[in-house]
Number of protein chains: 2
Amino acid sequence: MADAGTEIETLIELMAKLPGLGPRSARRAVLHLVKKRGVLLMPLAEAMAEVGRTIRECLNCGNLATGDICPICESEKRANGQICVVEDVADLWAMERAQVFTGRYHVLGGTLSALDGTGPEELRIPQLRDRIAAEDVREVILALGATIDGQTTAHYIADELGESVSVTSLAQGVPVGGELDYLDDGTITAALSARKAL
Amino acid sequence: MADAGTEIETLIELMAKLPGLGPRSARRAVLHLVKKRGVLLMPLAEAMAEVGRTIRECLNCGNLATGDICPICESEKRANGQICVVEDVADLWAMERAQVFTGRYHVLGGTLSALDGTGPEELRIPQLRDRIAAEDVREVILALGATIDGQTTAHYIADELGESVSVTSLAQGVPVGGELDYLDDGTITAALSARKAL
């Protein structure tokens, strides 16, 4: 591909590092970008540079923000005494899309993992403890993945916070619109043991 | 996602327009970019801007180039009297990766299509005719896809060029490493009718 110029090669190599794209789809994406120079390539270059310049992590909760503090931590309306602990900003976005949680968040930035050597210090857990007193938090809602690492992290945080605050976690059960036939045994077991009277 | 800032939203919307990415994978890619700001986000923004500034279509063959004429058309070594006609720059790259063709290319920019209303004028076919005389071409190799539109285009070009030059096309048959069991009937038929003595 020497004929395509080193500029194109560099762009393909960088694009191939994005999750979900490999060398082949990166080439396809770059050709698409070149064809749509005015409406896609140049706006995308600008949008990336702009995000790179302005976006950083909220010093309080770890959400993405344009300033030191994100809009959710800045809003007095969201100081309702609840903090929802999530693994990642993607999970925070998922919660926000559901438009049902009105408190603040705390983004851990991962889960505890003996395998990867991720300990509590890497995970913003000390900061969570600080916030409980500072923001007069009554309830910590653990919205962590139903994986081994996610559940280990949840139990660690619950132990760590102790009696200082009420710690809850998202219910496990049948997803809305889910059919029993397609669910794994673990979900059915969890849903059965958490069954409710109608 | 108002919390993530309009900069992030804009970037996600643009990324979702890339082939192979949807809204969900665009969000994932953007979060990855933000995490890898120094090593991926900023270099990617610069590479895109650079490609947007410098890359255009070769006036002679339609390949991507940093100047008016691409390196292949500029190289005297590649003026061997052969022109390989491809549909798209991606196909030109595929031919170059195989490192077996030593002539020049002609990128059509698509195939004839009655459905999409793509006629010969949209496809750089007139320019191909001009190049045959100008570059003293002896053979035109049609490397077009084995689709209905690809084959229609191949036949149209062969008719158009007439006796002025020898027109060939890539052989059809069993792909190297291919197993008969996984091939479609059309490929097996083509491979059988083009069988060779060992």
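In what follows, chains carry the letters A, B, and so on, assigned in the order in which the sequence lines appear, proteins first and then strands, with residues in each chain numbered from 1. No experiment lies behind these values; they were computed from the predicted model shown.
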Would you say CG of A:D184 has more than 12 non-hydrogen atoms from neighbouring residues, nucleotides or ligands within 6.0 angstrom? yes

Is it the case that one hydrophobic cluster holds both A:V137 and A:I141, taking links as side-chain heavy atoms less than 4.5 Å apart, direct or via other members? no

Give a yes or no on whether A:V89 and A:V86 share a hydrophobic cluster (residues Ile, Leu, Val, Met, Phe, Trp, Tyr; joining criterion: side-chain heavy atoms under 4.5 Å apart). yes

The interface call for A:V34 against chain B, heavy-atom contacts under 4.5 Å, is side chain

For chain B, find which of A:S25, A:A29, A:S75 contributes the most heavy-atom pairs closer than 4.5 angstrom. A:A29

CH2 of A:W93 to CD1 of B:I12: how many Å apart, nearest 0.5 Å? 3.5 Å

Would you mind reporting whether B:L64 and A:L31 have side-chain heavy atoms less than 4.5 Å apart? yes

Verify, without hydrogens or angle tests, whether A:R28 (side chain) and B:A90 (backbone) share a donor-acceptor contact under 3.5 angstrom. no

Is it the side chain or the backbone of B:L33 that comes within 4.5 Å of chain A heavy atoms, both, or neither? side chain

So if you build clusters from Ile, Leu, Val, Met, Phe, Trp, Tyr with side-chain heavy-atom gaps below 4.5 Å, do B:L128 and B:L142 land together? yes

Which of residues 38-51 of chain A get closer than 4.5 angstrom to chain B, counting heavy atoms alone? A:V39, A:L40, A:L41, A:M42, A:P43, A:L44, A:A45, A:A47, A:M48, A:A49, A:E50, A:V51

hydrophobic_cluster_shared for A:L59 and A:Y105, side chain cutoff 4.5 Å: no

Given the rule that I, L, V, M, F, W and Y join up when any side-chain heavy atoms are under 4.5 Å apart, are A:I125 and A:V140 in one cluster? yes

So which bits of residues 154-162 of chain A come within less than 4.5 Å of chain B, counting non-hydrogen atoms only? none

Using heavy-atom distances under 4.5 Å, tell me whether B:K36 contacts chain A through its side chain, its backbone, both, or neither. neither

Determine whether more than 12 heavy atoms belonging to other residues, nucleotides or ligands lie under 6.0 Å from atom CG of B:L192. yes

